[in-house]
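Before any comments, here is the structure.
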Amino acid sequence: NGCQADLQGRRPWPIHDTDAFDHVCGTNATPKEIFEATVVPLVHAALAGCDAMLLALGAGAAAPSSSHEVFGDCVGVQQRESVRMSGVDTPKMAQQQEALRITIFGAVGLRNADWLPGQGTSDPYCTCEILDAPKADKIRTKVVNNNTNPIWDHEAELPSYTVGDTLVFRVYDKDDLKRDDFLGTVRLHSDSFYPSGFEGEVPLLEAGKGVSAHLKLKIWPSRAQRLAELHCEEA
């Protein structure tokens, strides 16, 4: 019909489920219905083709069992996109959860919050938590006394991470007689470290006037860890 002919001329791929396509074109279909009738079959077809490729390559026991394991996010992405297009918020618990292995190596160039005579310099520590998740697990390093370039080498797991979450790192100066002084913060969105991981330095915001401070981190999703181990076994 006219709807199909119009869309056929605009996209480079064939329609696999013509009955479903005719249905959504011939009715007042929602964006979600159009998405499921056109894009979803393509995703499933691509996964099936990848399964055949893995089988032909003779994937061993240590290799992923199927393309659904390698491209496991596709279904979740499709589901979230379908819900988004239909105008309904995605329940957080329905999204994919995966543990993060986080190493907070240290910081460089922190401001000296203990500037009065006889107080030494800052006694910094660092925290990590998930943005807008007050009940989720948190990470906190030890305190390094009198050091504006602290080395923590703190490694911990954040098991309650959900794909798409933003991590918030904050650095403070520990004080015994008053509220701890704030030394800087940085937010890292999921795209910065998932799924391949991240290792490097990031600048601290709100570190103080004229202060250029950095935080050195390593963020390692459990999926990235499995892929690295698989690569080592193949090597």
First locate atom [atom1] of [X], then atom [atom2] of [Y], and finally report the distance between them rounded to the nearest 0.5 Å.
X	Y	atom1	atom2	result
His214	Leu217	NE2	CG	11.5 Å
Cys128	Arg170	SG	CZ	10.0 Å
Glu129	Tyr161	CD	OH	15.5 Å
Arg101	Ile219	CZ	CD1	13.5 Å
Leu110	Leu204	CG	CG	6.5 Å
Glu98	Leu158	CD	CG	12.0 Å

Show the nearest heavy-atom pair for residues [X] and [Y], with the distance to one decimal.
X	Y	answer
Asp165	Ser160	OD2-O, 4.3 Å
Val171	Cys126	CG2-SG, 4.1 Å
Leu167	Ile130	CD2-CG1, 4.1 Å
Asn147	Val144	CB-CG1, 3.8 Å
Pro134	Asp132	CD-C, 3.5 Å
Ala213	Ala207	CB-CB, 4.1 Å

Check whether [X] reaches the backbone of [Y] with its side chain - one donor and one acceptor, N or O, closer than 3.5 Å.
X	Y	answer
Asp173	Ala113	no
Ser122	Arg111	yes
Thr166	His189	no
Thr103	Glu155	no
Asp180	Tyr172	no
Asp175	Leu177	no

Evaluate Gln97 against Val163 for side-chain contact (heavy atoms from CB on, under 4.5 Å), listing each step before the verdict.
CA-CA 6 Å; Gln97 288 192 332; Val163 176; over 6 Å; no
Same cluster or not: [X] versus [Y], using hydrophobic residues (I, L, V, M, F, W, Y) connected whenever any side-chain heavy atoms lie under 4.5 Å apart?
X	Y	answer
Phe105	Leu100	no
Phe182	Val143	yes
Tyr125	Leu215	no

Does Lys209, at its NZ atom, have more than 12 non-hydrogen atoms belonging to other residues, nucleotides or ligands within less than 6.0 Å?
no
Mind checking whether Lys216 and Val108 have side chains closer than 4.5 Å, heavy atoms only?
no
Side chain proximity check, Pro221 to Pro195, heavy atoms < 4.5 angstrom
no
Report yes or no: do Thr185 and Glu206 form a side-chain donor-acceptor pair below 3.5 Å?
no
For a side-chain contact (heavy atoms from CB on, under 4.5 Å) with Ile102, tell me which candidate from Phe169, Phe198, Trp220, Phe193 qualifies.
Phe169
